[in-house]
Structures are given as C-alpha cells and as structure tokens.
Amino acid sequence: NAGVTQTPKFQVLKTGQSMTLQCAQDMNHNSMYWYRQDPGMGLRLIYYSASEGTTDKGEVPNGYNVSRLNKREFSLRLESAAPSQTSVYFCASSEWDFPSSYEQYFGPGTRLTVT
Amino acid sequence: AQSVTQLGSHVSVSEGALVLLRCNYSSSVPPYLFWYVQYPNQGLQLLLKYTTGATLVKGINGFEAEFKKSETSFHLTKPSAHMSDAAEYFCAVSEGNFGNEKLTFGTGTRLTIIP
C-alpha cells in the first residue's frame with residue numbers, strides 16, 4: 001500500500017498562475033483533508049471532505065478550491081496564485097473507526113513557491 | 001471551539017536526558033488527543049493517541065503521554081533522548097464526532113538533541 005500520495009513534490013509558480021495539487025489514498029478512507037504548513041503556525045486546515053461528493057471549508061479556504069473526484073482522490077486548486085500561498089501543502093485521510101481511530105495519515109507534502 | 005497550545009517552540013536536551021514536550025488543550029467535549037512527529041522534509045507520522053480508556057498512552061520510539069483532564073494537558077515524554085529523536089513534534093486535538101474527525105494542531109515544538 002502506498003498510503004497517501006501527492007503530486008508534484010515541488011512547484012514554482014508566478015503570481016497569477018494557476019495549478020492543481022493532486023492527492024490520492026489507497027486505504028479506502030472516507031475523509032480527506034488539505035492543510036498548509038507555515039513556519040511557526042503549525043498546520044492549518046484549508047478544506048476537508050467527509051465523504052465522496054461533499055466538501056467543506058476549513059480555517060483558511062480563501063484563494064483555494066477543491067474537488068473530491070472519487071473516494072480515492074482529493075485535489076486542491078489555486079486559481080490565481082499569490083505570494084502569500086507560498087507554503088508546504090499536506091494532504092491527509094482518515095476513517096471513522098470507533099473507538100480506536102481518528103488517526104489521520106499524511107502524504108509527503110508539496111512545497112510550493114509563488115514568486 | 002477547540003485549541004491547542006504547545007509551550008516552547010524550541011526545546012534542546014542532551015542525549016540520554018529526559019524529553020518533555022508540553023501540550024495543553026481546550027475542548028468543549030471530551031477530546032481525542034494526538035502527538036505527531038515530522039522529520040525534515042517529510043510528512044507527519046503518528047507517535048501516539050488518546051481516545052478513551054487508560055490515560056497513560058505509549059507510542060512508538062519509546063515515547064509516552066498522559067492525559068490529565070484536570071490540567072487539560074497531554075504532555076509527551078521519553079526517558080532517554082536519542083539523536084534520532086531530533087524532529088518537530090505537533091500536538092493535536094479532535095472533538096471526535098462521527099463525520100467530524102477534523103484535527104486542530106498546535107504550532108509545533110522543534111526538538112534538538114545535543115551530543
């Protein structure tokens with residue numbers, strides 16, 4: 001099992017360009033998440049999807065859109081990139097498994113620089 | 001709303017010394033608590049979690065944490081630090097509701113091990 005995979009690993013964009021970050025999981029999890037990690041700020045939730053066909057905003061959704069393509073895949077789109085979106089982006093997945101779970105599994109991250 | 005406070009953004013300990021990383025939380029419902037570790041240029045990996053039952057939780061790599069409801073704390077400890085423990089550590093809390101496994105993360109503590 002690959003777990004959670006993310007592409008690309010690195011990306012440099014110019015201000016105003018668009019791109020989509022891809023995420024896939026092979027653990028048959030219902031819930032998927034997108035976070036951004038910035039120095040001194042921990043991980044902040046951008047969007048999440050509790051199940052296929054549903055998405056909800058997290059703490060910092062502005063400037064982003066998401067698509068839950070199917071149960072496996074959850075993509076994050078930047079329509080018009082800004083320097084403030086320079087960050088490391090992590091995708092994660094989890095499953096309700098009372099009472100012992102709620103553990104989120106993380107991908108390796110995408111390091112994005114917007115110039 | 002839930003929140004997490006990690007005291008000390010940087011902690012240094014000598015090899016073989018006790019490791020203590022502090023985490024306090026606030027939650028309106030009984031919390032589910034997690035510690036994750038992040039090695040350089042990698043994603044997050046679960047160290048340990050508390051959901052229900054025994055309040056002293058043992059995790060991987062010799063780490064453990066104790067849930068203290070009266071102190072709203074979930075501090076991470078390891079009796080003897082090893083060089084390989086150098087990493088960033090994140091405490092996280094979930095309200096643990098079905099379909100709402102969102103995590104709120106602390107800002108992280110970078111652990112340095114002094115030879």
Side-chain angles (χ1 to χ4, degrees), chain A residues 2-7 9-10 21 23-25 27 29-61 88-111, chain B residues 1-10 21 23-25 27 29-54 57-60 67 87-110:
Chain A
V4 179
T5 57
Q6 293 183 235
T7 55
K9 286 187 166 50
F10 301 94
L21 281 64
C23 174
Q25 51 93 7
M27 295 173 284
H29 286 168
N30 276 298
S31 299
M32 296 186 74
Y33 312 82
W34 276 106
Y35 294 92
R36 61 177 289 173
Q37 183 180 26
D38 302 292
M41 303 189 76
L43 277 78
R44 294 180 292 168
L45 184 65
I46 305 171
Y47 271 94
Y48 69 101
S49 171
S51 63
E52 184 180 353
T54 68
T55 60
D56 283 289
K57 295 177 180 179
E59 182 184 353
V60 288
V88 182
Y89 292 85
F90 288 100
C91 178
S93 70
S94 71
E95 184 58 67
W96 168 273
D97 183 23
F98 183 82
S100 62
S101 193
Y102 295 97
E103 174 183 350
Q104 290 189 15
Y105 295 80
F106 284 80
T110 294
R111 191 172 298 271
Chain B
Q2 55 202 27
S3 66
V4 175
T5 301
Q6 291 183 241
L7 290 176
S9 57
H10 291 85
L21 304 182
C23 173
N24 289 88
Y25 70 90
S27 177
V29 299
Y32 287 24
L33 295 158
F34 304 80
W35 276 100
Y36 282 85
V37 60
Q38 184 181 33
Y39 299 103
N41 299 314
Q42 294 187 26
L44 277 71
Q45 177 184 2
L46 183 71
L47 267 182
L48 48 79
K49 62 186 177 188
Y50 167 79
T51 53
T52 59
V57 180
K58 295 187 185 301
I60 62 172
F67 170 56
E88 189 153 22
Y89 293 79
F90 293 93
C91 182
V93 62
S94 170
E95 292 190 351
N97 296 323
F98 172 65
N100 180 21
E101 305 107 76
K102 291 183 291 182
L103 293 178
T104 298
F105 285 86
T107 53
T109 297
R110 186 170 298 279

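Every heavy atom of this structure was used, including side-chain atoms; hydrogens, water molecules and symmetry mates were not. Just so we're on the same page: letters track the sequence lines, and every chain starts at 1.
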Participant: If you look at every heavy atom in B:Gly43 and B:Gln38, which pair is closest and at what distance?
Facilitator: O-CG, 3.8 Å
Participant: Under the side chain to side chain donor-acceptor pair (under 3.5 Å) test against A:Ser94, which residue among A:Tyr48, A:Tyr33, A:Tyr105 passes?
Facilitator: A:Tyr33
Participant: Counting only non-hydrogen atoms closer than 4.5 Å, does A:Leu45 touch chain B with its backbone (N, CA, C, O), its side chain (CB onward), both, or neither?
Facilitator: side chain
Participant: Check whether B:Tyr36 gets within reach of chain A through its side chain, its backbone, both or neither, counting any heavy atom under 4.5 Å.
Facilitator: side chain
Participant: Would B:Glu88 and B:Arg110 pass as an ion pair if we require N to O under 4.0 Å?
Facilitator: yes
Participant: Determine, step by step, whether A:Tyr89 and A:Ile46 satisfy the side-chain contact (heavy atoms from CB on, under 4.5 Å) criterion, reporting the C-alpha distance in whole Å, the side-chain angles of both residues, the deciding distance to 0.1 Å, and the verdict.
Facilitator: CA-CA 9 Å; A:Tyr89 292 85; A:Ile46 305 171; 3.7 Å; yes
Participant: Considering only heavy atoms, which portion of A:Arg111 lies under 4.5 Å from any heavy atom of chain B: side chain, backbone, both, or neither?
Facilitator: side chain
Participant: Please flag which part of A:Gln6 lies under 4.5 Å from any non-hydrogen atom of chain B: side chain, backbone, both or neither.
Facilitator: neither
